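Fair warning: this is a prediction, and the values are worked out from it, not measured in the lab. First the proteins, then the strands, lettered A, B, ... as listed; each starts at 1.
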Amino acid sequence: MKDALHDLLLHALDSLRRDGVLDAPAPDFVIERTRSREHGDFACNVALLLAKPLGRNPREVAETLVAALPKSHRVERVEIAGPGFINFFLSDAAWHEEIRRVLHEGTQYGHSRSGAGRAVGIEFVSANPTGPLHVGHARAAAIGDTLARLHSATGWKVYREFYYNDAGAQIQNLALSVQARIKGIEPDDPRWPADGYRGDYIRDLARDYQSGATVEAGHPTGDYNREYSRELAKVDVPEAAPEVTGYRVTAGQDPDDLDAIRDFAVAWLRREQDEDLRAFGVRFDVYFLESSLYTEGEVLRVIERIAQQGHSYEADGALWLRATDFGDDKDRVMRKSDGTYTYFVPDVAYHLSKWERGYKRAITELGADHHGSLARVRAGLQALDIGIPKDWPEYVLHQMVTVVKGGEEVKISKRAGSYVTLRDLIDMAGIDAARYFLIARKSDSQLVFDVDLARAQSNDNPVYYIQYAHARVCSVQRQMHDRSILFEQHNALKHLDRLRGEHARAVMVEISRFPEIVEASTANREPHLLAQYLRELAGAFHVWYNAEQFLVDDEDLRNARVALAFATRYVLANGLGMLGVSAPLSM
RNA sequence: GCGCCCGUAGCUCAAUCCGGAUAGAGCAUCGGCCUUCUAAGCCGACGGUUGCUGGUUCGAUUCCAGUCGGGCGCGCCA
C-alpha cells in the first residue's frame with residue numbers, strides 16, 4: 001500500500017525533473033502512517049526535504065509535486081498541511097483492494113520475498129550444558145525463534161543454531177559436582193568442589209549415572225556442521241537442513257571415571273535442555289559443539305591466520321590480538337602463557353564457520369551481560385582480513401528477566417535451586433503466555449514477568465485478548481455452519497463497499513499495516529513490534545464486533561462483513577504463528 | 001575511572017525502515033452497556049514539563065554534549 005504511494009511520488013519527481021522544474025536529486029523521503037485521521041492515511045515529507053536544496057518554500061514545493069501527481073484510484077484526495085507535508089487520503093477502494101488481497105493470499109498474507117532466498121544464521125540460547133535452562137534462556141529462545149520465524153516469512157533461508165560451550169572449566173566443574181554426589185558428598189560438606197553446581201538436578205544426574213541409564217541427545221560432533229557447510233557452499237541454499245540425529249550415552253557407573261561421568265552428564269543435560277526447548281516450541285537446525293573447533297584444528301587456524309596478517313604479538317609469554325586496531329578498547333589475549341586458548345578464540349572460529357557456510361546475515365542473540373564479547377569477536381573477525389563486514393554478525397542483546405508472582409519476586413526453583421527455570425515458567429504460565437510476554441517488550445529493556453497476569457483469563461491479559469478475537473471469528477464460522485449459512489466469497493468481494501462506518505474502516509486499516517509490521521520487525525530485529533501490533537488489531541476487531549452484527553439477513557452485507565472477519569482471522573493467525581503462539585478455534 | 005543498555009501517565013509499556021504535525025495503548029480509579037454471532041468483550045471520564053540542563057534546525061521522545069538515577073560489563077574466567 002505504501003509502495004503504491006511511493007511510486008506515485010517518484011513518477012511526479014521524475015516528470016518534474018524532465019521538465020526542468022525541479023533541479024535536485026530525489027531525496028530519501030519517507031511515507032508514513034499518520035497519527036491522526038485529520039492528516040489523512042499516509043503522509044510524506046518529501047517537500048520538506050527538497051525545500052533546502054532548492055532554496056524554495058516547502059509548501060510551494062509540495063504544491064508543485066501534488067500538481068504533477070498521476071491519478072490513482074487508490075487516492076481520494078491529497079492535501080498539503082503543516083510545514084509542507086503531503087497528506088494522502090485513500091479511497092475506500094484502496095482498503096477493499098487490500099482485503100481482497102488478504103482473502104486471496106490467506107495464510108501467506110504478510111509474507112514476502114524480501115529475503116530473496118538468502119541464508120541467515122540465527123544463533124540463540126547457546127547455554128552451557130551445565131544446568132537446566134533459566135528464564136533468561138527462555139527470553140532468548142522466544143526472541144531468537146520469533147526472529148527465525150519472521151525471517152522465514154520474509155523469504156530468508158533460516159538456520160537456527162545452538163552453540164555449546166562444552167570444552168571449558170565449567171564442564172569440569174559439572175563432572176566434579178556429579179562425582180561428588182555419587183560419592184555421597186552434599187553441597188554443604190567441606191569436601192564439596194569449590195565451584196560445584198549445587199542444584200538438585202545434580203543428584204538426579206548422579207542417581208542415573210549409578211543406575212547405568214542411557215540418555216539420547218542432539219548431535220555429538222561438529223561433523224554434521226562441516227558436512228552441511230560443504231553443501232551450503234556448493235548450492236548456496238540447501239533445500240532443507242539434514243535431519244538431526246541423536247546420539248546415545250550409557251552411564252559408565254564407575255565413580256572414579258571422570259571422563260565417563262563428564263560425557264554422561266553433558267548428554268543428560270543436553271537432553272534436558274532439548275526437551276524443555278521442544279516443549280517451548282523451539283527447535284534447532286544446527287548444534288555446534290565448541291569442542292569440535294579444537295578437535296578439527298579451527299582454533300589453531302584462526303590463530304595462525306591472524307598472526308600471518310600481522311595482527312597479533314607476543315608479550316608476557318602470551319599471544320595477543322591487536323584488538324584496539326579494530327575498535328575494541330584493549331588488546332586481548334588469545335593464547336595464554338600456559339599454552340591454552342582464551343574462550344573468545346573458539347568464538348571467532350565459530351563465527352568464521354558461519355561466514356564460510358555462506359550466511360549473508362548472521363544474528364547472534366545474547367544476554368546483555370555478554371555484551372563485552374561483541375567488540376572482541378568482531379575485532380577477531382576483522383583481523384582475519386577475509387572481507388567480513390565490520391558490522392557482521394549482527395547482535396541482539398536481551399536484558400534481565402525478573403519473575404513476579406503475588407507481588408513478590410520469585411527466585412528459587414526446586415530443580416535448579418538458585419534460579420527460576422524455563423520449565424518453571426511453562427508450568428506457571430503456559431507456553432502461549434510465556435512466549436508472548438517474553439517477546440512483547442523491546443529486548444534491550446529489562447522485563448518483569450508477572451505470572452499472575454500471564455495466567456489471568458481476563459482482558460488484562462493481552463494474549464487472551466488476541467486469541468479471543470481469533471476465537472470469536474471461528475465462533476461466527478461455527479454459527480454459519482449450524483445455521484447453514486454459506487459464505488459466498490465472490491459475492492462478498494463485489495460488495496465490500498457495503499462495509500461502512502469507522503469501526504470496519506479501522507479494522508481494514510489495521511489489517512493493511514500487517515505486511516509493514518512484519519518487514520520492520522524483521523529488518524530491525526524487533527519482534528516486539530509484532531506482538532504490540534496484534535494487540536492493536538485485536539482491539540480494532542473487538543470494537544467492530546461489538547458494534548455490528550455480522551450474520552444479518554441482507555446477503556450482500558453479510559458476505560462483506562464475514563469477508564472482513566475472515567481477513568482479520570488470517571492476519572491474527574499468521575501473526576500469532578510468527579510468534580509461536582497458538583490461535584485457538586474456541587476458548 | 002572507562003564502556004554498553006535503560007529512564008515516557010499512579011503501574012506495565014508503545015511511538016513503524018535511525019528527526020515530523022495535538023506523545024499513544026493496557027492496567028488501576030470513577031461512570032455506563034448482555035432476551036442479538038462467546039461480557040475472556042465494548043463505550044465514556046480522569047491522567048504527561050518524555051529524569052534534568054544545554055546544543056544542532058523549519059521541527060527533537062528520537063541526533064549530540066553534559067548531568068542525575070537504575071542495570072550490566074570492564075581477567076592470561078567462560
Distance in angstrom units between A:Tyr163 OH and B:A78 C1', rounded: 10 Å
Test for a donor-acceptor pair under 3.5 Å between the base of B:C76 and the side chain of A:Thr342, counting only N and O atoms. no
Among residues 547-566 of chain A, which contact RNA chain B at a heavy-atom distance under 4.0 Å? A:Glu548, A:Gln549, A:Phe550, A:Leu551
For nucleotides 17-19 of chain B, print each protein N/O atom paired with a nucleotide N/O atom at under 3.5 Å, atom names and distance only.
residue: B:C17; atom: N4; partner: A:Lys2; partner atom: NZ; Å: 3.1
residue: B:C17; atom: N4; partner: A:Ile31; partner atom: O; Å: 3.1

With distance as the sole criterion, do the side chain of A:Tyr464 and the base of B:A40 form a donor-acceptor contact below 3.5 Å? no
Quick one: which of B:A21, B:C37, B:C6 gets closest to the side chain of A:Asp444? B:C6
Pairing of RNA chain B as dot-bracket, 5' to 3': ( ) intra-strand, [ ] crossing, | other strand, . unpaired, with Watson-Crick or G-U pairs under 3.5 Å? (((((((..((((......[...)))).(((((.......))))).....(((((..]....))))))))))))....
What's the gap between B:G10 and B:G51 when it is taken at their P atoms, as a whole Å value? 13 Å
Just checking A:Tyr533: base, sugar-phosphate only, or nothing, at a heavy-atom cut-off of under 4.0 Å? nothing
Considering only side-chain heavy atoms of A:Val333, which listed nucleotide, B:U16, B:A78, B:C76, is closest? B:C76
Counting any heavy atom closer than 4.0 Å, what does A:Thr340 reach on the DNA or RNA strands: base, sugar-phosphate only, or nothing? nothing
With sequence neighbours left out, which residue pairs that include part of residues 332-344 of chain A fulfil the salt bridge (Lys or Arg N to Asp or Glu O under 4.0 Å) condition? A:Glu314-A:Arg335, A:Asp328-A:Arg332, A:Asp329-A:Arg332
Phosphate-side-chain proximity, A:Lys442 and B:U16, N/O vs OP1/OP2 below 4.0 Å: no
For the residue pair A:Tyr545 and A:Phe550, categorise the inter-ring angle as parallel (less than 30°), tilted (30 to 60°) or perpendicular (more than 60°). perpendicular
May I ask you to verify if any side-chain N or O of A:Arg33 is less than 4.0 angstrom from the OP1 or OP2 atom of B:U16? no
Verify the contact: side-chain N or O of A:Lys330 to OP1 or OP2 of B:G3, cut-off strictly under 4.0 Å; return yes or no. no
Reading nucleotides 63-71 of chain B from 5' to 3' and marking B where a protein heavy atom lies under 4.0 Å of the base, S where only the sugar-phosphate is that close, and - otherwise, the string is --------S
From B:C42, B:A14, B:C37, pick the nucleotide closest to the side chain of A:Val476? B:C37
Using a cutoff of under 3.5 Å, can you pull out all pairs of nitrogen or oxygen atoms linking the protein to nucleotides 58-60 of chain B, with atom names and distances?
none

If only side-chain N and O atoms of A:Tyr395 are considered, is one of them under 4.0 Å from the OP1 or OP2 phosphate oxygen of B:C5? no
Is it the case that the base of B:A21 and the side chain of A:Asn87 share a donor-acceptor contact (distance under 3.5 Å, atom types as modelled)? yes
